[in-house]
2 protein chains.
Amino acid sequence: MATTTAGQKRAEAKREYDAYIAACPSRQLLDTVADKWVTLVLTALADTPLRYSELSRRIAGVSQKMLTQTLRTLERDGLVDRAVTATVPVRVDYTLTPLGESLVTVMAGVKTWAEAHMPEVQRARRRYDRR
Amino acid sequence: MATTTAGQKRAEAKREYDAYIAACPSRQLLDTVADKWVTLVLTALADTPLRYSELSRRIAGVSQKMLTQTLRTLERDGLVDRAVTATVPVRVDYTLTPLGESLVTVMAGVKTWAEAHMPEVQRARRRYDRR
DNA sequence: CTGGATCCTCCATGATACTG
DNA sequence: CAGTATCATGGAGGATCCAG
């Protein structure tokens, strides 16, 4: 039959919403910035350019796969610059682009809000959990 | 033997890092804000208080589970207020707290940055993909 | 109407081994 | 040194049924 179930309707609505959300610029920014390794790599590079091995040491818990994957997306998004020196063995340096630096600035703003208001959030949590 | 493998070392380092990251206030903020449904619920409530059923209609693609779960965490974090009216059937209204409103403000800041720079990111992506 | 409880699926992440 | 390839898994999220 051509009956449309509630589940089907919601599934369809979900697809539309997902598309709508995926198109939202701030959504895209949040998706990248909220990544654990992204923030760590960006803040690590905020101080100074680093080589691949230096990054993997500095961000001690990261696996090769995730570090590489993270660096690739950051490079693709124009946030970091990848410079290969064709010596033996190879040497690869990662630098923050101007765009990447401006992103780090925004993240600092988020940090500021968080430091200002997280204590309040934590009080709210304790209050909630104690009921 | 008491030999420590490289894998063990990284695993230990990972635990430390995870703990360190989990303690970071901005990390905690990002983790909540970056949630898809969180942003949708908050922006929906930014205009006006809404009932549960109104929310689920307005955020068309959400499942009951995720909507309830999202509202619970937001309530726990002191970002939304939950008011139950004991009629038959029950009526529950959700409102943004002052803290919640201030968070919406920050998210607007992120949105501003995104709208300003996402075109640049997308150009970078096209450039990267075309190589 | 507003959820709680269950089951199930899928994808992001990680561990491991290999290479130019 | 700086990755790529492959396989395994844990947990987030969805579908569904039930209840006050």
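Only a predicted model underlies this, so the values are computations on that prediction, with no experimental measurement involved. Quick note on labels: first sequence line is chain A, next is B, and so on, each numbered from 1.
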Original post:
Quick one: does B/Thr87's side chain have a donor or acceptor within less than 3.5 Å of a partner on B/Pro89's backbone?
Top reply: yes

Subject >> Rounded distance [0.5 Å steps], CD in A/Glu101 versus CG in A/Leu79 >> reply: 11.0 Å

Original post:
A/Trp37 side chain N/O closer than 4.0 Å to the phosphate oxygens (OP1, OP2) of C/dG14?
Top reply: yes

Subject >> A/Gln69 side chain, from C-beta outward: closest of D/dG3, C/dT13, D/dG14 >> reply: C/dT13

Original post:
In whole angstroms, how far is the P atom of D/dA2 from the OH atom of A/Tyr94?
Top reply: 8 Å

Original post:
When the distance from CG of B/Leu67 to P of C/dT2 is rounded to whole Å, what number comes out?
Top reply: 10 Å

Subject >> Minimum-distance nucleotide to A/Arg82 side chain [options: D/dG20, D/dA2, C/dG4] >> reply: D/dA2

Original post:
For B/Met66 and D/dA15, what is the distance between atoms CE and C1' respectively, to the nearest whole Å?
Top reply: 13 Å

Original post:
How many angstroms lie between atom NZ of B/Lys36 and atom CE of B/Met66, to the nearest 0.5 angstrom?
Top reply: 9.0 Å

Subject >> Side-chain N or O of B/Arg72 closer than 4.0 Å to phosphate OP1/OP2 of C/dG3 >> reply: yes

Original post:
In whole angstrom, what separates B/Asp31's CG from C/dA12's P?
Top reply: 17 Å

Original post:
In whole Å, what is the span from the CD1 atom of A/Ile59 to the C1' atom of C/dG14?
Top reply: 16 Å

Original post:
For C/dA15, does OP1 or OP2 lie under 4.0 Å from any side-chain N or O of A/Ser63?
Top reply: no

Original post:
C/dT13 C1' sits how many Å from B/Ile21 CD1, rounded?
Top reply: 14 Å

**OP:** Would you indicate, yes or no, if C/dG4 has its OP1 or OP2 atom less than 4.0 angstrom from a side-chain nitrogen or oxygen of B/Tyr52?
**Re:** no

**OP:** Could you tell me the separation between the CD atom of A/Glu75 and the C1' atom of D/dG3, rounded to a whole number of Å?
**Re:** 13 Å

Original post:
Is B/Arg15 positioned over the aromatic face of B/Tyr17, cation under 6.0 angstrom from the ring centre and no more than 45 degrees off axis?
Top reply: no

Subject >> Residue met sooner reading DNA chain D from 5', once A/Asp93 and A/Lys65 are mapped to nucleotides >> reply: A/Asp93

**OP:** Would you mind telling me which of D/dT4, C/dT2, D/dG13 lies closest to the side-chain atoms of B/Asp35?
**Re:** D/dG13

**OP:** Quickly work out the A/Glu54 CD to D/dG3 P distance and round it to whole Å.
**Re:** 13 Å

Original post:
Is the phosphate of C/dT2, meaning OP1 or OP2, less than 4.0 Å from a side-chain N or O of B/Arg51?
Top reply: yes

Subject >> Residue that, paired with A/Leu71, satisfies side-chain contact (heavy atoms from CB on, under 4.5 Å) out of A/Val38, A/Val92, A/Val41 >> reply: A/Val41

**OP:** Using only side-chain N and O atoms of B/Ser53, determine if any of them is under 4.0 Å from OP1 or OP2 of C/dT2.
**Re:** yes

